[in-house]
Amino acid sequence: RYCRVNVPDELLRDLLPGPVTLVLERSEELNKDLNPFTSLVGVRIPDHPFMRDLARACPGPLALTSANISSQGSTLTVLEFQDLWPQLSLVIDGGPIGDIQSPECRLGSTVVDLSVSGKFSIIRPGCALTPTVEILTKKYGLVPESS
């Protein structure tokens, strides 16, 4: 509804829900104030019960950002970004969003651009790089877009 999907539905089911953000061409239905300087939009369906329940309860898309300062490791619990609380209108503790002992969980989602048919481009390696690339190349025959 909010983006133009040019990959098989099965590919979407193989990567989502999970720690992968798919970058696709935005549709006209998406609010133009979201990502106003690009024709692309990142779509993520996390594999976290609280976030999925919240998304189901909302009538439209959720525009979210990470709870950390850019270039710092991802936070996994609300207490880890306590220094940002004074700048926020609301903080909801839905529980940890990953294994707090795992360094890989702090890498954030793997961000992959699928806006060019038959190709992909890794924007951020993130925590699911290897399985994501394997699915895209081996199962679907997509090729890395050259830089």
Side-chain angles (χ1 to χ4, degrees), residues 1-81 84 88 91-147:
R1 180 174 171 187
Y2 301 109
C3 59
R4 291 186 182 89
V5 178
N6 61 344
V7 295
D9 287 350
E10 187 179 355
L11 184 150
L12 299 177
R13 285 191 293 275
D14 283 343
L15 297 177
L16 303 172
V20 179
T21 299
L22 304 179
V23 176
L24 299 161
E25 192 167 329
R26 65 186 296 131
S27 73
E28 291 299 316
E29 192 165 337
L30 186 65
N31 183 324
K32 293 190 184 358
D33 291 332
L34 299 173
N35 294 356
F37 304 110
T38 179
S39 62
L40 304 177
V41 64
V43 176
R44 174 138 190 254
I45 302 173
D47 194 12
H48 188 276
F50 173 77
M51 289 306 301
R52 298 202 44 209
D53 288 345
L54 179 63
R56 282 188 200 100
C58 293
L62 296 175
L64 302 172
T65 185
S66 301
N68 63 315
I69 303 294
S70 185
S71 80
Q72 291 184 354
S74 294
T75 59
L76 303 177
T77 70
V78 295
L79 291 178
E80 291 179 352
F81 65 93
L84 298 177
L88 305 174
V91 175
I92 300 172
D93 188 350
I97 59 168
D99 178 358
I100 60 175
Q101 304 301 319
S102 169
E104 291 81 24
C105 283
R106 298 199 182 272
L107 297 175
S109 66
T110 294
V111 181
V112 59
D113 184 338
L114 294 175
S115 64
V116 177
S117 188
K119 298 183 179 188
F120 71 93
S121 175
I122 301 297
I123 295 172
R124 179 175 71 191
C127 64
L129 178 63
T130 301
T132 299
V133 169
E134 285 183 10
I135 288 169
L136 295 174
T137 58
K138 293 181 180 170
K139 187 168 182 181
Y140 294 98
L142 299 182
V143 296
E145 191 171 11
S146 56
S147 303

Do the side chains of [Y] and [X] get nearer than 4.5 Å, heavy atoms only?
X	Y	value
F50	I92	yes
V5	L22	no
D14	Y140	yes
L136	L11	yes
R44	P19	yes
L129	R124	no
F120	V133	yes

Let me confirm one number: the [atom1]-[atom2] distance from [X] to [Y], rounded to the nearest 0.5 Å.
X	Y	atom1	atom2	result
L15	E10	CG	CD	10.5 Å
L142	I135	CG	CD1	11.0 Å
L76	I100	CG	CD1	7.5 Å

Decide, yes or no, whether a salt bridge links K119 with E145 under the criterion of side-chain N to carboxylate O below 4.0 Å.
->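 Answer for the salt bridge query: no.
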Counting distance only, does the side-chain N/O of T110 pair as donor-acceptor with the main-chain N or O of P125 below 3.5 Å?
-> yes
Please find the pair of heavy atoms, one from [X] and one from [Y], that lie closest to each other, and give the distance.
X	Y	value
H48	P96	NE2-O, 3.1 Å
V41	N35	CA-ND2, 3.7 Å
L30	P61	CD1-CG, 4.2 Å
S109	V20	CB-N, 4.1 Å

Among side-chain atoms of S27 and E29, is any donor-acceptor pair under 3.5 angstrom?
->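 Judged by distance alone, the side chains do not pair up.
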Does E28 CD have over 12 foreign heavy atoms under 6.0 Å away?
->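 Counting other residues, nucleotides and ligands, CD of E28 stays at 12 neighbours or fewer.
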